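Take a look at the structure set out below.
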Amino acid sequence: MSITLSKPVICLFGTPSPTRSSEIDEAQAYKNRQFATRIQGVGGAGSMRAEDLELKLDYLRGRHGTRVATFATATPISNSLAEMYVMQSYLQPEALERSGVAHFDAWAATFGRTLTALELAPDGASYRLTSRFARFRNVPELLSMFASVADVRGADALALVRPALAGGRAETVVVAPSDGLASYVAGLAERAERVRSRSVRPEEDNMLKISGDGRKAALDLRLVGEVADGTTKVAAAAERIAQVFHDSRHFVYTETTGEISDQLGGFQMVFCDLGTPGGHGAFNAYDELRDHLVRCGVPEGEIRFVHEAGDDRAKAELFAACRAGTVAVLVGSTEKMGVGTNIQTRLVALHHLDCPWRPADIEQREGRALRQGNQNAEVAIVRYVTEGSFDVFMKADGRAQGGLHPPGDDRQCGRARGRRHRSPGPLLRRGQGTGQREPAAAGEGRRRQRGGAPGAAAPGPPPRPAPPGAGVGDGREPGPPAGGGGRRARRRHRPAHRHQGRTLRDDGGRAVFARPRRCRRRTAPCG
């Protein structure tokens with residue numbers, strides 16, 4: 001069987017029958033299948049699309065055997081490890097039954113694990129401990145089972161001719177927050193605290209609504225009914241887009257016939273899922289971006305919105321105009337131009353005005369530019385972030401599986417990654433709050449051994465030394481005697497150390513614990 005591959009990364013699932021095979025492209029659209037589980041944060045109500053596919057596959061297997069479907073996708077796992085189980089349950093339920101992992105909890109106990117790590121809270125003002133089902137284990141056995149129904153080919157194996165990423169990495173444009181945005185973010189933290197304390201009913205306010213308002217405010221305060229009082233992210237993006245427009249105005253491209261096109265100039269895509277055009281007279285980010293671009297010298301007729309295409313025919317004509325060069329800037333959402341969009345012929349730059357929730361959406365967006373058929377040698381990818389806003393949480397949430405460290409903490413983000421990663425220090429300057437936790441050496445913060453000297457710690461690296469001047473000679477009451485002070489003295493001093501708490505570890509072998517407090521006996525700081 002001959003298959004033409006057109007994606008940089010493609011997975012072909014199943015063992016199709018020559019006569020009774022159902023071919024399904026973009027198989028990640030069927031990932032929301034419902035299943036029972038006790039793991040928090042995994043699973044859900046499911047979608048009718050996924051349930052419909054499951055029933056059809058079960059019917060076809062009952063009549064024609066196991067070889068009934070072929071799935072194709074560039075993002076087989078787009079948001080959760082549970083999607084691997086969903087794909088296996090679609091295409092190899094018999095293998096899961098034989099292995100004793102047909103139910104999700106059994107599969108998760110065999111091939112996954114839950115990790116607890118520090119993450120930035122949605123209010124942007126503190127850190128919190130979050131447990132996620134975020135790591136695979138027994139990977140060789142899982143891949144061996146998966147390989148019986150899947151054929152995975154990456155860009156290197158396919159030898160596709162694709163443009164390079166300009167600068168070797170995506171460019172991040174940091175926009176300074178206005179005073180109005182800073183006060184609005186502080187209000188979000190207060191709303192989040194009321195929600196956590198259950199001072200308001202879920203119908204009045206909830207974390208989902210707070211998250212939505214935070215994302216909109218980071219893009220433009222006018223989306224949440226406030227007054228914009230400074231440089232917005234839309235204005236900063238317009239300046240960058242206009243600069244690329246003028247720099248690429250003289251670029252020459254060829255037609256599909258190989259002849260040189262009479263239309264000069266490059267093409268740019270702008271992704272924005274918030275503030276889409278819709279309501280009459282209401283403010284939206286799309287019109288605001290177009291107004292800024294016109295003031296920067298971009299012709300209004302060459303700026304188009306994908307929302308203007310009401311049907312498939314209109315969308316095909318719009319995409320043809322983008323490939324021909326009559327459209328210089330196309331603005332749209334991930335849903336409308338993220339999958340199946342082939343307008344990469346002249347694409348010189350791709351811009352992210354906001355950050356989507358799912359990592360796969362980022363891959364789908366950038367796959368429109370880093371794609372075969374692009375005649376440019378390099379493509380620039382630009383991401384816009386408003387400092388001290390909800391954008392910080394969105395960026396941190398995308399790295400949640402690797403753990404989020406305090407600002408400036410350069411550490412190994414998981415042994416599986418095999419590379420160093422620096423968390424975005426400059427982006428976390430505002431809104432850090434008092435909930436930030438300090439890094440500590442492994443073994444620090446442990447309870448002292450009973451029956452030993454009060455200064456003796458459990459086996460492991462030595463604890464952090466007390467600050468200079470603490471303890472003897474600083475005017476405070478001296479600590480317990482060196483010999484332990486007897487059973488009563490040890491019992492009296494022991495509660496002072498209970499606030500140390502347990503040591504929390506992530507999979508990289510690091511230990512993180514709360515900021516040390518002082519003992520009730522006014523001795524040196526514990527820990």
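Just so it is clear, the structure is predicted and the values come from calculations on it, not from any experiment. This chain uses plain numbering: 1 for the first residue, then up along the sequence. Only heavy atoms go into these numbers, but all of them, side chains included; no hydrogens, no water, no symmetry mates.
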I want to check something: taking the side chain as every heavy atom from C-beta on, are [X] and [Y] in contact at a cut-off of under 4.5 Å?
X	Y	answer
Arg33	Glu51	yes
Arg135	Leu115	yes
Glu204	Arg201	yes
Leu370	Glu363	no
Glu378	Pro163	no
Val270	Leu330	no
Val331	Val306	no
Glu54	Leu57	no

Item to complete: Output yes when Asp273 and Lys216 qualify as a salt bridge under the 4.0 Å nitrogen-oxygen rule, no when they do not.
Response: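 Result for this pair is no, no salt bridge flagged.
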Worksheet item: Are any of the side-chain nitrogens in Asp391 or Lys233 under 4.0 Å away from the carboxylate oxygens of its partner?
Response: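 Counted as a salt bridge, because a side-chain N and a carboxylate O are separated by less than 4.0 Å.
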Worksheet entry | Derivation of the side chain to side chain contact (heavy atoms under 4.5 Å, CB included) call for Glu308 and Leu318 | CA-CA 9 Å; Glu308 299 172 1; Leu318 175 60; 5.6 Å; no
Which value, rounded to the nearest 0.5 Å, describes the distance between [X] atom [atom1] and [Y] atom [atom2]?
X	Y	atom1	atom2	value
Glu97	Ser89	CD	OG	11.0 Å
Tyr85	Tyr90	OH	OH	11.0 Å
Thr172	Tyr384	OG1	OH	10.5 Å
Phe271	Arg368	CZ	CZ	7.0 Å
Glu141	Met145	CD	CE	9.0 Å
Thr345	Arg371	OG1	CZ	10.5 Å

Whether [X] side chain and [Y] backbone form a donor-acceptor pair below 3.5 Å:
X	Y	result
Ser144	Pro140	no
Thr386	Ala218	yes
Glu171	Arg383	no
Asp52	Met48	no
Asp213	Leu188	no
Arg137	Gly112	yes
Asn32	Ala50	no
Ser80	Ala82	yes
Lys315	Gly310	no

Discussion item. Could you work out, with side chain to side chain contact (heavy atoms under 4.5 Å, CB included) as the rule, every residue matching Asp205, not counting sequence neighbours?
Written reply: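 Asp205: side chain to side chain contact (heavy atoms under 4.5 Å, CB included) contacts with Arg191, Val195, Val200, Lys209, Ile210.
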Taking all non-hydrogen atoms of both residues into account, name the closest pair between [X] and [Y] and its distance.
X	Y	result
Phe146	Val152	CE2-CG2, 4.4 Å
Asn284	Pro277	CG-CA, 4.0 Å
Val175	Ala236	CG2-CB, 3.7 Å
Val244	Ala349	CG1-CB, 4.0 Å
Leu219	Cys272	CD2-SG, 3.7 Å
Val185	Ser389	CG2-CA, 4.2 Å

Worksheet item: Can Arg304 and Val329 be said to form a side chain to side chain contact (heavy atoms under 4.5 Å, CB included), step by step?
Response: CA-CA 6 Å; Arg304 299 289 301 275; Val329 179; over 6 Å; no
Heavy-atom count check: over 12 atoms from other residues, nucleotides or ligands less than 6.0 Å from [X] [atom1]?
X	atom1	result
Arg49	CZ	no
Asp311	CG	yes
His307	NE2	yes
Glu335	CD	no
Phe136	CZ	yes
Arg240	CZ	yes

Does one side chain, of [X] or [Y], offer a donor that lies under 3.5 Å from an acceptor on the other?
X	Y	value
Asp361	Thr334	no
Asn374	Arg346	no
Ser333	Thr276	no

Item to complete: Test side chain to side chain contact (heavy atoms under 4.5 Å, CB included) on Trp107 and Met84 and set out the steps.
Response: CA-CA 10 Å; Trp107 183 91; Met84 171 71 83; 3.6 Å; yes
Practice prompt. Start with the C-alpha gap between Leu289 and Ile241, add the side-chain angles, then the distance that decides, and say whether side chain to side chain contact (heavy atoms under 4.5 Å, CB included) holds.
Written response: CA-CA 10 Å; Leu289 177 63; Ile241 295 169; 4.3 Å; yes
Practice prompt. If a pair satisfies salt bridge (Lys or Arg N to Asp or Glu O under 4.0 Å) and one of its residues is in residues 85-95, list it, with sequence neighbours excluded.
Written response: none
